[in-house]
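My questions all concern the structure below.
Since this is a predicted model, take the numbers as computed values, not measurements. Each chain gets a letter, A, B and so on, in the order its sequence line appears, and its residues count up from 1.
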Amino acid sequence: NAGVTQTPKFRILKIGQSMTLQCTQDMNHNYMYWYRQDPGMGLKLIYYSVGAGITDKGEVPNGYNVSRSTTEDFPLRLELAAPSQTSVYFCASSSSGSGNTIYFGEGSWLTVV
Amino acid sequence: AQSVTQLDSQVPVFEEAPVELRCNYSSSVSVYLFWYVQYPNQGLQLLLKYLSGSTLVKGINGFEAEFNKSQTSFHLRNPSVHISDTAEYFCAVSDPSGANNLFFGTGTRLTVIP
């Protein structure tokens, strides 16, 4: 029972580099999310998607891009990495809208140096 | 706008003792309320949620929470904690008419002492 799978688990980036965090879910969920968690803080929503082909900004979208070409996949693209993007990133999914349980991946630790 | 305040950043408690983790929210509209738990180096998993109905909600591992609309609170309780309950606990809210986006508090680190 895979659930939500994120890769890579750990990554070190140099300032200005770009990378993509991969996320896939096998629960046929329509809704998918990307959150970031900074030390001592709660999670903040970066982007979300309510279905294939539809994405929208969350609280902290600057410096990131997403796409949703399939129901299963929701990659997060970091362009021109900055130290402020050092964080733990969580992908998540839910079957539908408000009130439904959100299932989280195990996280991707990203350090920008 | 919605926000969540978790009043205690760290709560140490002895094994088999009761514990309460406090959560207050601010919202101009009705809300859905959640408690998530994060074990070390893992993602978050749902403990319990309040959508409507009975204000006392029971979750996994003996946890329960009570929705208090007048005090805008959703405190989490456990009458007898175990070592395995050591984790970070997050309170979160969402807008019932929205897209299921969660707004999280800053978390409470529960440490259960043998």
field: Whether A:Asp26 side chain and A:Gly3 backbone form a donor-acceptor pair below 3.5 Å
entry: yes
task: May I have the step-by-step check of side-chain contact (heavy atoms from CB on, under 4.5 Å) for B:Ile60 and B:Leu48, ending in yes or no?
output: CA-CA 7 Å; B:Ile60 61 173; B:Leu48 48 81; over 6 Å; no
message: Let's go through A:Tyr48 and A:Tyr31 carefully: what are the C-alpha distance in whole Å and the side-chain angles of both, what is the deciding distance for side-chain contact (heavy atoms from CB on, under 4.5 Å) to 0.1 Å, and is it a yes or a no?
response: CA-CA 7 Å; A:Tyr48 67 99; A:Tyr31 287 58; 5.5 Å; no
message: For chain A, which candidate among B:Ser52, B:Gly43, B:Ser94 shows the most heavy-atom pairs at distances under 4.5 Å?
response: B:Gly43
query: Under 3.5 Å, is there a donor-acceptor pair between the side chain of A:Ser87 and the main chain of A:Tyr89?
result: no
task: Sort and list the pairs that fulfil side-chain hydrogen bond (donor to acceptor under 3.5 Å, both in side chains) and have at least one residue in residues 76-85 of chain A, not counting sequence neighbours.
output: A:Ser18-A:Glu79, A:Thr20-A:Arg77, A:Arg77-A:Glu79
query: Is there side-chain contact between B:Leu56 and B:Glu64, with heavy atoms separated by less than 4.5 Å?
result: yes
- line: When B:Phe34, B:Trp35, B:Phe63 are each screened for ring-ring contact (aromatic ring centres under 6.0 Å, His included) with B:Tyr89, the one that passes is B:Phe63
message: For residues 70-79 of chain B, give me every residue with a non-hydrogen atom less than 4.5 Å from any non-hydrogen atom of chain A.
response: none
- prompt: Just checking, is any N or O donor in the side chain of A:Ser108 or A:Gln6 under 3.5 Å from an acceptor N or O on the other one?
  reply: yes
Salt-bridge contact A:Arg68-A:Asp73 (side-chain N to carboxylate O under 4.0 Å): no
message: Applying a heavy-atom distance below 4.5 Å, give me the residues of residues 32-40 of chain A that approach chain B, sorted by number.
response: A:Tyr33, A:Tyr35, A:Gln37, A:Gly40
field: Expected output: side-chain A:Lys14 to main-chain A:Val112 donor-acceptor under 3.5 Å
entry: no
statement: Output for pair (B:Phe67 CZ, B:Cys23 SG), nearest 0.5 Å, gives 11.0 Å
query: So what's closer than 4.5 Å to chain A heavy atoms on B:Leu44: side chain, backbone, both or neither?
result: both
field: Neighbour count >12 (heavy atoms, 6.0 Å) for atom CD1, A:Ile12
entry: no
field: Contacts of residues 101-114 of chain B with chain A (heavy atom under 4.5 Å)
entry: B:Asn101, B:Leu102, B:Phe103, B:Phe104, B:Gly105, B:Thr106
message: Check this for me: A:Phe10, atom CZ, are more than 12 non-hydrogen atoms of other residues, nucleotides or ligands nearer than 6.0 Å?
response: yes
query: Is there a donor-acceptor pair under 3.5 Å between the side chain of B:Gln6 and the backbone N or O of B:Arg22?
result: no
task: Identify which part of A:Leu43 has an atom lying under 4.5 Å from any heavy atom of chain B, answering side chain, backbone, both or neither.
output: both
message: Is it the case that the side chain of B:Thr55 and the backbone of B:Glu66 share a donor-acceptor pair, with hydrogens and angles ignored and the cut-off at 3.5 Å?
response: no
Chain A contact via B:Gln38 - side chain, backbone, both or neither, heavy atoms under 4.5 Å: side chain
message: Tell me if a side-chain donor or acceptor on A:Gln25 pairs with a main-chain N or O of A:Met27 at a distance below 3.5 Å.
response: yes
task: Check each atom of B:Gln45 against the heavy atoms of chain A and say whether the ones under 4.5 Å are side chain, backbone, both or neither.
output: neither
- request: Give, as side chain, backbone, both or neither, the part of A:Ser94 having an atom under 4.5 angstrom from any heavy atom of chain B.
  value: side chain
- request: Name the region of B:Asn41, side chain, backbone, both or neither, that has any atom closer than 4.5 Å to a heavy atom of chain A.
  value: both
task: Could you tell me which of A:Ser96, A:Ser98, A:Cys91 has the largest number of non-hydrogen atom pairs under 4.5 Å with chain B?
output: A:Ser98
- prompt: Is atom NZ of A:Lys9 surrounded by more than 12 heavy atoms (other residues, nucleotides or ligands) closer than 6.0 Å?
  reply: yes
